[in-house]
Amino acid sequence: MARKPERPRTRFSQVYMKVGVLALQGDFEEHIHILRSMGVEAVEVRLPDQLQDLDALIIPGGESTTIGKLASEFGLIEPLRGFGREKPIWGTCAGAIFLSKDAHRSQPLLSLMDITVERNAFGRQVNSFETELDVPALKGLGPDQNGSFHAVFIRAPLIESVGEGAQVLARLEDGRIVAAQQGRWLATSFHPELTDDDRFHRYFVSLVEKQENS
Ligand code: GLN
């Protein structure tokens with residue numbers, strides 16, 4: 001845990017935390033914005049050294065092949081794996097692909113989370129869509145006490161299967177998996193950072209708190 005008690009606490013937590021957002025490519029600024037609006041210290045990460053005093057990391061959406069290629073070039077693959085073995089990581093969309101063990105093709109992956117993903121699973125006709133998801137894990141995080149979440153999908157992957165130790169957090173109406181968790185790791189096919197609903201970010205931050213208290 002980064003210890004800087006003089007820093008502001010988050011408005012929903014008594015714990016100071018510093019969360020990095022991998023800023024090689026993709027929509028990292030939106031994650032930074034939403035974290036800061038929650039009172040969390042948020043920083044852009046491009047180099048291995050910048051992981052050192054972070055409590056958690058978010059890998060944004062974008063293009064997973066580009067993120068993987070740049071991460072290799074910047075010498076980030078092993079440092080990110082080491083970080084993930086100890087601290088929470090959340091991947092959104094391309095970030096979820098990068099976090100996974102298997103994306104059915106050869107591209108650099110962190111291979112941390114025991115999920116298999118199918119890239120661009122929604123085909124050309126439905127590259128992007130929005131829908132309401134039922135996410136029981138979010139219940140109680142909002143004023144209305146329900147777990148319904150407006151999800152934005154952009155050339156999104158599906159989480160084809162989750163391995164032992166991982167659990168499903170959300171499915172589409174037809175049963176296909178779009179959010180999963182394995183201990184401190186979170187993967188969402190969609191982009192909570194593109195809405196002004198911060199409950200998924202708050203859920204992630206609650207994993208960071210749990211981690212600190214364990
Ligand atoms: N289609 C992209 C990929 O396969 C992911 C899209 C996104 O992150 N919005 O990497």
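Numbers here are sequence positions counted from 1. The shown structure was predicted, so the numbers you read here are calculated from the model rather than taken from an experiment. Because only heavy atoms are used, hydrogens play no part in the values below, and waters and symmetry mates are left out as well, while side chains stay in. Numbering of ligands and ligand atoms starts at 1, following listing order.
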Does atom CD of Glu132 have more than 12 heavy-atom neighbours from other groups under 6.0 Å away? yes
[X]: numbered ligand 1 atoms lying under 4.0 Å from its heavy atoms:
X: Ile97; value: 3 (C), 4 (O), 10 (O)
X: Ser64; value: 3 (C), 4 (O), 10 (O)
X: Cys93; value: 5 (C), 6 (C), 7 (C), 8 (O), 9 (N)
X: Gly61; value: 8 (O)

>> With respect to Thr65, determine whether any N or O atom, backbone or side chain, lies less than 3.5 Å from an N or O atom of ligand 1.
In response: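 Min N/O separation from ligand 1 is not below 3.5 Å for Thr65.
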query = ligand 1 and Arg119, any nitrogen or oxygen pair closer than 3.5 angstrom?
reply =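 Min N/O separation from ligand 1 is below 3.5 Å for Arg119.
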- Message: If you take the nearest heavy atom of each of Gly62, Pro157, Ser189, Gly91, which one is closest to atom 8 (O) of ligand 1?
- Response: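 Looking at heavy atoms only, the winner is Gly62.
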Quick one: sort the Phe153 and Phe190 rings into parallel, tilted or perpendicular, breaks at 30° and 60°.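 Ring orientation, 0 to 90° scale: tilted.
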For atom 1 (N) of ligand 1, closest protein heavy-atom neighbour: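 Ranked first by proximity to atom 1 (N) of ligand 1 is Asn120 OD1, 2.6 Å.
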| query | Between His104 and Glu118, do the side chains contain an N or O donor and an N or O acceptor separated by less than 3.5 Å? | reply |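 Distance-only check fails for His104 and Glu118.
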**Request:** Would you sort out whether Thr92 and His31 count as a side-chain hydrogen bond (donor to acceptor under 3.5 Å, both in side chains), showing the intermediate values?
**Result:** CA-CA 10 Å; Thr92 59; His31 278 292; 3.2 Å; yes
- Item | Residue pairs fulfilling ring-ring contact (aromatic ring centres under 6.0 Å, His included) with at least one residue in residues 164-186, sequence neighbours excluded |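 Pairs touching residues 164-186 that pass the test: none.
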Among Phe204, Phe98, Tyr203, whose ring-ring contact (aromatic ring centres under 6.0 Å, His included) with Trp90 holds?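 Considering Phe204, Phe98, Tyr203, a ring-ring contact (aromatic ring centres under 6.0 Å, His included) with Trp90 is found only for Phe204.
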